[in-house]
Number of protein chains: 2
Amino acid sequence: MNADSPTQPRWQRRKDARPSEITQAALQLFIQRGFAATKLDDVAKLAGVTKGTLYLYFPSKNDLFKAAIRETVLPSIQMAEQVVADSALSATELLRCLVEEWVRLIEESPANGLSKLVVAEAGNFPELAHFYLDEVVYRVRRVFGDILQRGIEASEFRPVNIEFTIKEIISPIILQTIWNHAFGPYRTERFDMREFTRFHLDILIRGIQS
Amino acid sequence: MNADSPTQPRWQRRKDARPSEITQAALQLFIQRGFAATKLDDVAKLAGVTKGTLYLYFPSKNDLFKAAIRETVLPSIQMAEQVVADSALSATELLRCLVEEWVRLIEESPANGLSKLVVAEAGNFPELAHFYLDEVVYRVRRVFGDILQRGIEASEFRPVNIEFTIKEIISPIILQTIWNHAFGPYRTERFDMREFTRFHLDILIRGIQS
DNA sequence: AATAATTAACCGACCAGTCAGTTATTTATT
DNA sequence: AATAAATAACTGACTGGTCGGTTAATTATT
């Protein structure tokens, strides 16, 4: 056993810092192993506390999940909404710019496994599915929908079906992130996401422009 | 309680029929609830036996899974390979034809939840991930790669990056099937997959043609 | 009667959530 | 300043339920 040095307490009271430490640890493990497969004991250990402490700050595993998501993705979405509302760029430029920025964000954020996580668990956790649909999916779609609408009105784009085109825009990006998180560990080759994104935008814009 | 009629035995010996009844039941539940979340007791009940019987035919849950996949998807892939090898259509027509046939198959098959299932569980079950990559993913990609190659050589398509274009082709379709299985139960609106597919092919072909 | 297929009771490991107790920190008292 | 009392952050053992896998007993078949 380690005789704990008397000057260093076994733990400290850190009421303010705990919640975000816990949500960050939780998000990391949820993304790494999935929601159902993640044990709260492991989350606690990674956050430097014990499981009991988790329940001081979050009433359930579900709530912990929701808190982690809120803390991580909502700022980015708000920023995107802001950019689209304020920017004076053409729809084409805005689309390019936003998608590329999105990919840049995805590549650097620890949250790039979120799509896969949610898709994988939605079926078994209705509460989480609804939460994600309302707070993330629909809002992101609206952002792209607005850009397309603007582009069509300005005759930059043909009068395409907007719902479908949104899917055309986001599908390759999202599926690739899902893919990376599902099979990444089993493939040696690296994939140049940025180059793929430029390629995707070229094809897509060529396909919808007037 | 029901006093079982003496003429009907409580169960019968059906050594030959059991395996496929069990794999079908397993596949259905795996797709419905995921691999980890599916209880073998439920598989057994759906197959009309008890859990012990499962272990007479399959040594483990993993083996049961692999057997179910093999039995279900390999035939379709072989058929697609055959079509591409034999057809005399132009690359454009072949692409359209194959994708639309693929979607038709997806819509009617009970196995249309397979992408989501595999993506969801791959991270926690390496054995299953490797199996699916080798036997399904790479083979499907090769089919589309061949079509693109042919189209480029015939100057129907620009000399696009083939790896990227394969992803362009399949991403919206696959992501939509994943989506349907992840969030389908929580959305009332129905989604016209066929119409979306036609739309997707229009945009895509417009984007890659010479 | 012998055998093979199937059942059903069982085991052991696992895990979300609980709670009685421990300990760091703050506040009141001298 | 020293100390005692009060507070609340934190721990860790425990519970109830679940589930993959096992096996002794039962039942159909030959």
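The structure presented is a predicted model; accordingly, all values stated were derived computationally and were not measured. A, B, ... follow the sequence lines: proteins, then strands. Residue 1 opens every chain.
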Please determine whether any donor N or O and acceptor N or O are separated by less than 3.5 Å between the side chain of Arg13(A) and the base of dA24(C). yes
What are the residues of residues 29-41 of chain B, sorted by number, that bring a heavy atom to within less than 4.0 Å of DNA chain D? Thr38(B), Lys39(B), Leu40(B)
Using only side-chain N and O atoms of Arg14(B), determine if any of them is under 4.0 Å from OP1 or OP2 of dA28(D). no
Asp42(A) has an atom CG; how far is it from atom C1' of dC15(C), in whole Å? 11 Å
Using only side-chain N and O atoms of Thr53(A), determine if any of them is under 4.0 Å from OP1 or OP2 of dT11(D). yes
Among Glu107(A), Arg190(A), Arg187(A), side-chain hydrogen bond (donor to acceptor under 3.5 Å, both in side chains) partner for Asn180(A): Arg187(A)
Between Ser109(B) and Asn112(B), is the side chain to side chain donor-acceptor pair (under 3.5 Å) condition met? List the steps. CA-CA 6 Å; Ser109(B) 165; Asn112(B) 53 13; over 6 Å; no
Can you tell which of dT7(C), dG21(D), dG17(C) lies closest to the side chain of Lys61(B)? dG21(D)
To the nearest angstrom, the CG-P distance between Asp63(B) and dG20(D) comes to 15 Å
Atom OH of Tyr55(A) to atom P of dC10(D): distance rounded to whole Å? 17 Å
Any idea which of dT25(C), dG17(C), dT11(D) is nearest the Ser60(A) side chain? dG17(C)
Aromatic contact between Tyr186(B) and Tyr132(A), with the criterion being ring centroids under 6.0 Å apart: yes or no? no
Using a strict threshold of under 4.0 Å (side-chain N to carboxylate O), is an ion pair present between Arg33(B) and Asp42(B)? yes
Once you measure the plane-to-plane angle for Phe199(B) and Phe196(B), does it fall in the parallel (<30°), tilted (30-60°) or perpendicular (>60°) bin? parallel
Separation of dA8(D) P from Lys15(A) NZ (nearest whole Å): 9 Å
Just how far, in rounded Å, is P of dA20(C) from CG of Leu56(A)? 15 Å
What's the CG-C1' distance between Asn62(B) and dG21(D), to the nearest Å? 13 Å
In whole angstrom, give the distance that lies between atom CG of Asp16(B) and atom P of dA5(C). 10 Å
Fit a plane to each ring of Phe30(B) and Phe65(B), take the angle between them on a 0 to 90° scale, and name the class: parallel (under 30°), tilted (30 to 60°) or perpendicular (over 60°). tilted
Looking across every strand, which nucleic acid part, if any, lies under 4.0 Å from Tyr57(A) by heavy atom: base, sugar-phosphate, or nothing? sugar-phosphate
Would you say the side chain of Lys51(A) and the base of dG12(D) hold a donor-acceptor pair, judged only by whether the two atoms sit under 3.5 Å apart? no
For Phe65(A) and dA16(C), give me the distance from atom CZ to atom P, rounded to whole Å. 15 Å
Looking at every strand, decide which applies to Leu54(B) at a 4.0 Å heavy-atom threshold: base, sugar-phosphate, or nothing. nothing
Parallel, tilted or perpendicular, as decided by the 30° and 60° cut-offs, for the rings of Phe144(B) and Trp102(B): tilted
